[in-house]
Asks: 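What follows is a single structure, and I will ask about it in a moment.
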Amino acid sequence: YLQMTSFLNTNTLESEEKYNQVSNKIDVNNYIQYQLTQIYVDNKDWPGNNIKFWNTNEPGSLWRWIIFDTDFGFSIYDNSAYTYNTLAFALADNGPGWPNPPWSTLLFRRMMSNTVFRNDFVNQYADRLNTNFTPQKVIATVDSLRLLYNPEINDHFTRWGLSYTNWMNNLVNIKNFATYRPTYARDHIKSVLGFSTTLSIRIEISSAGTGKVKVNSVIPRNYPFSGIYFKNLPIKLTAIPAPGYKFLYWNMSGFISYSREIDYNMAGTCTFRAVFGKA
């Protein structure tokens, strides 16, 4: 790991050769998911603190990252934190000694200097904003945890001299964060990385139960699925037939394609209908 960071101190990764020297040592998808999640939740007790990374002694083992201690996130200490540009914070090349000193942002800055990685990061961030990080999904998860702990929480607060009212206020702050964060997160991608426009897509399945569609890194559970992506940044769609069915063709706003995997360059809004038939 120290050899890798030493290499990054004197090398950017625009070229494929240099990028591969680093990307072959880390689990790139794990790193992307780790970074975008820390950025989404606005964890400002990071990246100069609370970092964990690991691999094994097995030949070819890749470095992976572990998320923990995110109590600075989700507006707990700042009611308007959902507006904060944590993407710029995570890419700062001259942050303060805490929480984002230059050494702590080095790997992310170097990885983002490579177009392939940068595009993949943006698409995967968009994937999560369209699925796991939607206001509805996050708020439902918060409510499910509130109900889980509610029978015990007053005894907990009595034991430790804490406030139920304060807990409920914190939950309100988290829900407000969940409501407003996606819009600001997309604006941060635009301002920091130079994307000018977002466009919507819609994905339909010809018949329920006949198949699914993978969008970049996610497989939506429900259809029709609507998502927001960035203009001129290609997205990958893969039709996945259910057992007993086969993929027939795509109907893309009137244009037909028989390729199971398609790359769409996000030139405009589009509806994708995956048509499956019995195998």
Side-chain angles (χ1 to χ4, degrees), residues 1-74 76-77 81 84 86-129 131-133 137-138 141 145 174 181 185 189 192-193 214 216-219:
Y1 190 90
L2 294 177
Q3 289 174 346
M4 180 174 70
T5 56
S6 177
F7 174 79
L8 293 171
N9 275 321
T10 55
N11 289 275
T12 57
L13 305 179
E14 289 94 338
S15 73
E16 182 180 4
E17 179 186 2
K18 288 187 176 181
Y19 175 68
N20 288 341
Q21 285 184 252
V22 176
S23 63
N24 289 336
K25 292 179 173 62
I26 72 175
D27 183 329
V28 173
N29 284 324
N30 167 270
Y31 183 67
I32 287 175
Q33 294 295 316
Y34 170 82
Q35 289 290 133
L36 69 83
T37 303
Q38 296 276 26
I39 290 166
Y40 164 78
V41 305
D42 184 43
N43 184 11
K44 288 199 281 288
D45 195 10
W46 167 92
N49 190 34
N50 294 325
I51 54 174
K52 287 185 185 292
F53 44 89
W54 67 280
N55 72 0
T56 74
N57 291 326
E58 294 297 320
S61 177
L62 302 175
W63 289 103
R64 296 176 174 87
W65 283 259
I66 302 171
I67 289 180
F68 76 108
D69 199 345
T70 58
D71 66 306
F72 270 57
F74 279 106
I76 292 300
Y77 302 117
Y84 189 76
T86 320
L87 178 59
F89 168 89
L91 288 168
D93 60 4
N94 193 26
W98 179 89
N100 60 335
W103 66 262
S104 68
T105 64
L106 177 64
L107 175 58
F108 191 45
R109 283 187 281 119
R110 294 295 193 250
M111 295 297 283
M112 289 289 275
S113 71
N114 182 272
T115 302
V116 172
F117 178 89
R118 184 168 63 251
N119 290 349
D120 203 9
F121 173 85
V122 172
N123 269 336
Q124 289 200 40
Y125 200 173
D127 291 340
R128 297 297 165 179
L129 291 171
T131 53
N132 304 77
F133 298 158
K137 173 66 174 176
V138 176
T141 302
L145 293 170
I174 292 173
R181 184 60 166 173
I189 291 171
V192 174
L193 301 179
K214 183 176 183 180
N216 295 320
S217 65
V218 295
I219 301 176

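These numbers come from the heavy atoms of this one structure, side chains and all, not from hydrogens, waters or symmetry mates. Counting from 1, the numbers follow the sequence of the chain as shown.
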Asks: Within the side chain of T131, is there an N or O that forms a donor-acceptor pair under 3.5 Å with the backbone of D127?
Replies: yes

Asks: When you compare the side chain of W65 with that of K52, does any pair of heavy atoms fall below 4.5 Å?
Replies: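 No; the side chains remain at least 4.5 Å from each other.
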
Asks: Please round to the nearest 0.5 Å and tell me the distance separating atom OH of Y125 and atom CD1 of I39.
Replies: 6.0 Å

Asks: Using every non-hydrogen atom in the two residues, find where I32 and F117 come nearest and quote the distance to one decimal.
Replies: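 I32 and F117 have their closest heavy atoms at CG1-CE1, 3.5 Å.
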
Asks: Report yes or no: is the cationic atom of K44 (NZ for Lys, CZ for Arg) closer than 6.0 Å to the six-membered ring centre of Y84, at no more than 45° off its axis?
Replies: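 Yes, cation above the ring, under 6.0 Å and within 45°.
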
Asks: Working to the nearest 0.5 angstrom, can you tell me the gap between Y34 OH and I26 CD1?
Replies: 12.0 Å

Asks: When you measure from the side chain of S104 to the backbone N and O of P101, does any donor-acceptor pair fall under 3.5 Å?
Replies: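 Yes; at least one donor-acceptor contact below 3.5 Å.
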
Asks: When rounded to the nearest 0.5 angstrom, what is the spacing between CG in N132 and CD in Q33?
Replies: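 Reported to 0.5 Å precision, the distance equals 8.0 Å.
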
Asks: Between R109 (side chain only) and P102 (backbone N and O only), is there a donor and an acceptor less than 3.5 Å apart?
Replies: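 Flag set: sc R109 to bb P102 pair under 3.5 Å.
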
Asks: Is it the case that the side chain of R110 and the backbone of L8 share a donor-acceptor pair, with hydrogens and angles ignored and the cut-off at 3.5 Å?
Replies: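 Pair found, side chain donor or acceptor close to backbone of L8.
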
Asks: Judged by atom type as modelled, is there a donor-acceptor pair below 3.5 Å linking the side chain of S6 to the main-chain atoms of L2?
Replies: no

Asks: Has N11 got a side-chain atom pairing as donor or acceptor with F7's backbone, closer than 3.5 angstrom?
Replies: yes

Asks: Are any non-hydrogen side-chain atoms of N49 and P99 less than 4.5 angstrom apart?
Replies: no

Asks: On a heavy-atom basis, which atom in A90 and which in F108 lie closest, and how many Å separate them?
Replies: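 Scanning both residues, the minimum pair turns out to be O-CD2, 3.6 Å.
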
Asks: Is the Y31-F121 ring centre distance short of 6.0 angstrom?
Replies: no

Asks: Working to the nearest 0.5 angstrom, can you tell me the gap between N30 CG and L62 CG?
Replies: 9.5 Å

Asks: So, do R118 and T115 sit near enough that their side-chain heavy atoms are less than 4.5 Å apart?
Replies: yes

Asks: Where is the tightest heavy-atom contact between I189 and L87, given as atom of each residue plus distance?
Replies: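 Closest pair (atom of I189, atom of L87, distance): CA-CD2, 3.9 Å.
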
Asks: State, with a plain yes or no, whether a side-chain heavy atom of L129 is found less than 4.5 Å away from one of L36.
Replies: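 A side-chain contact is absent here, since even the closest heavy-atom pair is not under 4.5 Å.
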
Asks: Any chance you could lay out the side-chain contact (heavy atoms from CB on, under 4.5 Å) test for I67 and N43, step after step, and finish with the verdict?
Replies: CA-CA 10 Å; I67 289 180; N43 184 11; over 6 Å; no

Asks: For G73, does its backbone N or O pair with a side-chain atom of D42 as donor and acceptor, under 3.5 Å?
Replies: no

Asks: About how many Å separate CD1 of I174 and CZ of F74, when rounded to the nearest 0.5 Å?
Replies: 7.0 Å

Asks: Does V192 reach the side chain of L91, with side-chain heavy atoms less than 4.5 Å apart?
Replies: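 Answer yes - side chains close enough.
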
Asks: Listing request: all salt bridge (Lys or Arg N to Asp or Glu O under 4.0 Å) pairs with a residue in residues 10-33, at least two apart in sequence or in separate chains.
Replies: D27-R64

Asks: So, N24 side chain and N20 main chain: donor-acceptor pair closer than 3.5 Å or not?
Replies: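 Such a contact is found between N24 side chain and N20 backbone.
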
Asks: Looking at every heavy atom in both N216 and K214, which two are closest together, and how far apart are they?
Replies: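 Here N216 and K214 meet closest at O-CE, 3.2 Å.
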
Asks: Ignoring hydrogens and geometry beyond distance, is a side-chain donor-acceptor pair present between N55 and Y1 at under 3.5 Å?
Replies: no

Asks: Begin from the C-alpha positions of I66 and F53 and carry the test side-chain contact (heavy atoms from CB on, under 4.5 Å) through to its verdict.
Replies: CA-CA 6 Å; I66 302 171; F53 44 89; over 6 Å; no

Asks: Donor-acceptor pair, distance only, cut-off 3.5 Å: does the side chain of T105 make one with the backbone of A92?
Replies: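 A pair under 3.5 Å: yes.
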
Asks: Indicate the atoms forming the closest heavy-atom contact of L106 with N9, along with that distance.
Replies: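 Closest approach of L106 to N9: CD2-OD1, 3.2 Å.
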
Asks: Write down the atom of P47, the atom of W103, and the distance for their closest heavy-atom approach.
Replies: O-CH2, 4.3 Å

Asks: Under a 3.5 Å cutoff, is there a donor and acceptor pairing between the side chains of D45 and W98?
Replies: yes

Asks: Can you tell me how far apart CD (Q35) and OG1 (T86) are? Round to the nearest 0.5 Å.
Replies: 11.5 Å

Asks: Evaluate the ring planes of Y40 and F133, with Trp represented by its six-membered ring, and classify them as parallel (under 30°), tilted (30 to 60°) or perpendicular (over 60°).
Replies: parallel

Asks: Taking it one step at a time, do M112 and L193 satisfy side-chain contact (heavy atoms from CB on, under 4.5 Å)?
Replies: CA-CA 10 Å; M112 289 289 275; L193 301 179; 3.7 Å; yes

